[in-house]
Amino acid sequence: MDRTFHIGELAARSGLTADAVRYYERLGLLPPAQRTAGGFRIYAEPALARLRFIRQAQTLGLSLQEIRQLVTHHDENGVKRCRRVRDLLQSKLSVLDARLAEMQHFRGTLTEYLAACEHELARPARRGDRRGGPCCPVIQTLGAKQG
């Protein structure tokens, strides 16, 4: 027989709050809990695995709507469900690849800015410098782009 948990214990074991567990239940991410005669929620052991999966999927960048797509299609056969998972993963990988490309481009920009700063700071002070020191090329570049 599967072990059962009251909401507080389930929340603690999953690393969530009881409010989060209730919220996931309202969204349909968790099947509705059974109730005791006193109205307390009782969850079967598979709910703990489901909550851990939800937390991990969120950590990996899936939205609650995407997670719901993964966990709520129990009536679909294996092939149809597997295609749905594959399509979702392909979509997430495309988004991730685009973000990585943007980050690589931004990294290149920051590297150039750093080199310009290092070059300017290594140069001796020139006569006529207002404060007797180098002028920041990054600030000049960013100011020129805004103007």
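Note that this is a predicted model, so its numbers are computed, not measured.
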### A18 versus A11, closest heavy-atom pair with distance
N-CB, 3.6 Å

### Query
Taking all atoms of both residues into account, what is the closest heavy-atom pair of C117 and V138, and its distance?
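Minimum heavy-atom contact is SG-CG2, 3.5 Å.
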
### Query
Which pairs count as salt bridge (Lys or Arg N to Asp or Glu O under 4.0 Å) when at least one residue sits in residues 13-40, sequence neighbours excluded?
E9-R13, D19-R22, E25-R41

### Task
Answer whether the closest heavy-atom distance between the side chains of H6 and I42 falls below 4.5 Å.
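The answer is yes, as the side chains (C-beta and beyond) meet within the 4.5 Å cut-off.
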
### Task
State, yes or no, whether a side-chain contact exists between F53 and I67 at a heavy-atom distance under 4.5 Å.
yes

#### Entry: Hydrophobic cluster membership, L110 vs I139, 4.5 Å side-chain cutoff
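L110 and I139: separate clusters.
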
### Query
Are F5 and F40 co-members of a hydrophobic cluster defined by side-chain heavy atoms under 4.5 Å apart?
no

### Message
Between R84 (side chain only) and Q69 (backbone N and O only), is there a donor and an acceptor less than 3.5 Å apart?
### Response
no

### Message
Treating R55 as the side-chain partner and S14 as the backbone partner, does any N or O pair qualify as donor plus acceptor under 3.5 Å?
### Response
yes

#### Entry: Set of side chain to side chain donor-acceptor pair (under 3.5 Å) partners for Q56, sequence neighbours left out
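With neighbours one apart ignored, the set is empty.
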
### Message
Which residues pass the side chain to side chain donor-acceptor pair (under 3.5 Å) test with S91, not counting sequence neighbours?
### Response
none

Please list, chain by chain and in numerical order, all residues satisfying side-chain contact (heavy atoms from CB on, under 4.5 Å) with [X], sequence neighbours excluded.
X: T109; result: H105, Y113
X: P31; result: R50
X: H119; result: none
X: A20; result: L16, T17

Should we say atom [atom1] of [X] is surrounded by more than 12 heavy atoms from elsewhere, each under 6.0 Å from it?
X: Q58; atom1: CD; value: yes
X: R107; atom1: CZ; value: no
X: Q90; atom1: CD; value: yes

### Task
Have a look at E66 and tell me which of L62, L70, L64 forms a side-chain contact (heavy atoms from CB on, under 4.5 Å) with it.
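The option that passes is L62.
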
### Query
How many angstroms lie between atom CG of L88 and atom CG of L93, to the nearest 0.5 angstrom?
9.5 Å

Would you mind writing out the side-chain donor-acceptor pairs for residues 96-104 within the sub-3.5 Å range, not counting sequence neighbours?
none

